[in-house]
Protein chains: 2
Amino acid sequence: MKTKAQRIYDVLAANIQNGTYKPNSKLPSEHDLIAQYDVSRGTIRTALDMLSQDGYIQRLKGKGSIVLDVAKYNFPVTGLVSFKEVSKIMHGQVRTIVNELLLIRPDDFVQSQLDVGPTDDVWRVARTREIQGERIILDVDYFDRKFVPYLTKDICADSIYEYLEKELNLSISFAKKEIVVDSATDEDKAWLDLGDFSYVVVVKNHVYLEDVSLFQYTESRHRPDKFQFVDFARRNYLSKK
Amino acid sequence: MKTKAQRIYDVLAANIQNGTYKPNSKLPSEHDLIAQYDVSRGTIRTALDMLSQDGYIQRLKGKGSIVLDVAKYNFPVTGLVSFKEVSKIMHGQVRTIVNELLLIRPDDFVQSQLDVGPTDDVWRVARTREIQGERIILDVDYFDRKFVPYLTKDICADSIYEYLEKELNLSISFAKKEIVVDSATDEDKAWLDLGDFSYVVVVKNHVYLEDVSLFQYTESRHRPDKFQFVDFARRNYLSKK
DNA sequence: TAGTGGTCTAGACCACAGC
DNA sequence: CTGTGGTCTAGACCACTAG
């Protein structure tokens, strides 16, 4: 069950993306939207706040809400978005190859990254992402078996996240993302078309559930020439000191 | 003039960072905070929403607000934070060298990035960031002179952002950030201690003011071994389809 | 002056957690 | 059952924009 605010967000976001509301034009005023959707001002403002946070609009005191040029920001590649969701947007030839699916006893590195003990079971999944015929990304995932008891190659080939959220009802809440550059490992060289590149861009992700338990650690290893990370950032409260 | 919610945010954030509220413990309930700060529930909730957005707490229905381990996320390196703010956190030897400060006529590239015409004046600032004696980052900034009429080497050596916000009263609102890997240019080689590296990590930033005008384009070029980008991301509305 | 968004209040009903 | 956070409402006052 979605909230009223989320439904209004969905409608307005869709109308911005399909051009019903054009960039640099104004959205209807809060007063108008209240009448249009027959809700209170608080609800409308919640929806508008979400649109602002996601880079759809800019709100201006005394003026109104201006529609931003969504195309310019070619997001969402930011936030927490799974490869399957991204591939829809890219609407190009993308393919996932499951290289490896193992249940392992974690070494020191995995223990520290996943916050598990040496006797806990951990899934290790290695997948190659092929884009337009080239193997560009190597995703290595570690899942705490406490949260994911069962996993198959078929699930990995499709979308692990969909399985986790829809089948296991795990609710992903937030993640800490880190981007660094690293030398290519033998695994990288084996499963990626690296050509002359001797290094990769690594996106490390620690993913947490709603109850704050850490359940996944992922390394997404990219061929550098194809790597791109796009982010829409509002000046946040931290810097408003 | 700060809002009540922002002041409450500041107090709670400070108390989380200094350990008054410990990781994995609970914040006082909304009811308690209402009594403590003598405000309405909406105001308290606004402050708690901001804390959640910035990764300080996790809110759990029926339970309360849990304090997250801020140290684990070693932010803020995310969002829009200037180098001066970052250097405070790094509390290491950091130094800024102003290589170049020029008023130029923009070429095609700068025209497209800054959305200006060929006869508009544009500032070009090139600065090297030295960390622990090594020249690690090359920042190249382009400012539309419409917004920044006057600029000196002294201002660039200190903090351009402080000057823009406090002196010129420009209010930065949001940015589009893009991270890619690029071959090192002659300028990179001249002004950075690249050693054997033949490539750099480039953070491109388009910065917008509150009235949605684009006023700055920046390339921050990093030596790859020292590059790190950390982000705290909540699963956002876009992916909640 | 009229219209806009920004903030704050007071109260209501709900779903969920835990005893 | 009580206490918690999640959502929604109705109304108020303010600051800013623009004619």
Item checked: Euclidean distance, atom NE2 of residue A/His31 to atom P of C/dG3 [Å, nearest integer] -> 9 Å
Checklist line | Pairwise 5' ranking along DNA chain D for A/Ala5 and B/Glu30, keeping only the more 5' one | finding: B/Glu30
Next item on the list: Return the value, rounded to whole Å, for the distance between atom CD of B/Gln58 and atom P of C/dA17.
Entry: 14 Å
Item checked: Value in whole Å for how far the C1' atom of D/dC16 lies from NZ of A/Lys26 -> 13 Å
Margin query: Just the rounded figure in Å: distance from C1' of C/dC14 to CZ of B/Arg41.
Written below: 11 Å
Notebook entry, point to check: Separation of B/Lys61 atom NZ from D/dG5 atom C1', in whole Å?
Noted result: 8 Å
Check: Of the nucleotides D/dC8, C/dT9, D/dG6, which has the atom closest to the B/Val39 side chain?
Finding: C/dT9
Note to self: Is there, by distance only and without an angle test, a donor paired with an acceptor across the side chain of B/Arg45 and the base of D/dT7 below 3.5 Å?
What the structure shows: no
Margin query: Over 60° means perpendicular and under 30° means parallel, so tell me whether A/His206 and A/Tyr217 are parallel, tilted or perpendicular.
Written below: tilted
Item checked: Separation of atom CG in A/Asp49 from atom P in D/dT7, rounded to whole Å -> 13 Å
Next item on the list: Using a heavy-atom cut-off of under 4.0 Å over every strand shown, decide if B/Leu60 touches base, sugar-phosphate, or nothing.
Entry: sugar-phosphate
Margin query: Just the rounded figure in Å: distance from C1' of D/dG3 to NZ of B/Lys63.
Written below: 14 Å
Note to self: So that I can tick it off, tell me whether A/Asp141 and A/Arg124 are bridged by a salt bridge, with the cut-off set at under 4.0 angstrom between side-chain N and carboxylate O.
What the structure shows: no
Next item on the list: Report yes if a donor N or O on one partner sits less than 3.5 Å from an acceptor N or O on the other, where the partners are the side chain of A/Arg59 and the base of C/dT4; otherwise report no.
Entry: no
Checklist line | For atom CG of A/Leu27 and atom P of C/dT4, their distance in whole Å | finding: 13 Å
Margin query: OP1 or OP2 of C/dT9 versus the side-chain N and O atoms of B/Thr43: is any pair under 4.0 Å?
Written below: yes
Note to self: By nearest heavy atom, map A/Gly62 and A/Lys4 onto DNA chain D; which one lands nearer the 5' end?
What the structure shows: A/Lys4
Next item on the list: May I ask you to evaluate whether A/Ser29 reaches the phosphate of C/dT4, defined as a side-chain N or O under 4.0 Å from OP1 or OP2?
Entry: yes
Notebook entry, point to check: Does D/dG19 have a Watson-Crick or wobble mate here (both distances under 3.5 Å), and if so which one?
Noted result: none
Note to self: Check whether B/Arg7 reaches the backbone of B/Lys2 with its side chain - one donor and one acceptor, N or O, closer than 3.5 Å.
What the structure shows: yes
Notebook entry, point to check: OP1 or OP2 of C/dT7 sitting under 4.0 Å from any side-chain N/O of B/Thr46?
Noted result: no
Next item on the list: Enter the distance from B/Met50:CE to B/Thr3:OG1 here, rounded to the nearest 0.5 Å.
Entry: 6.0 Å
Checklist line | Salt-bridge contact B/Lys63-A/Glu210 (side-chain N to carboxylate O under 4.0 Å) | finding: no
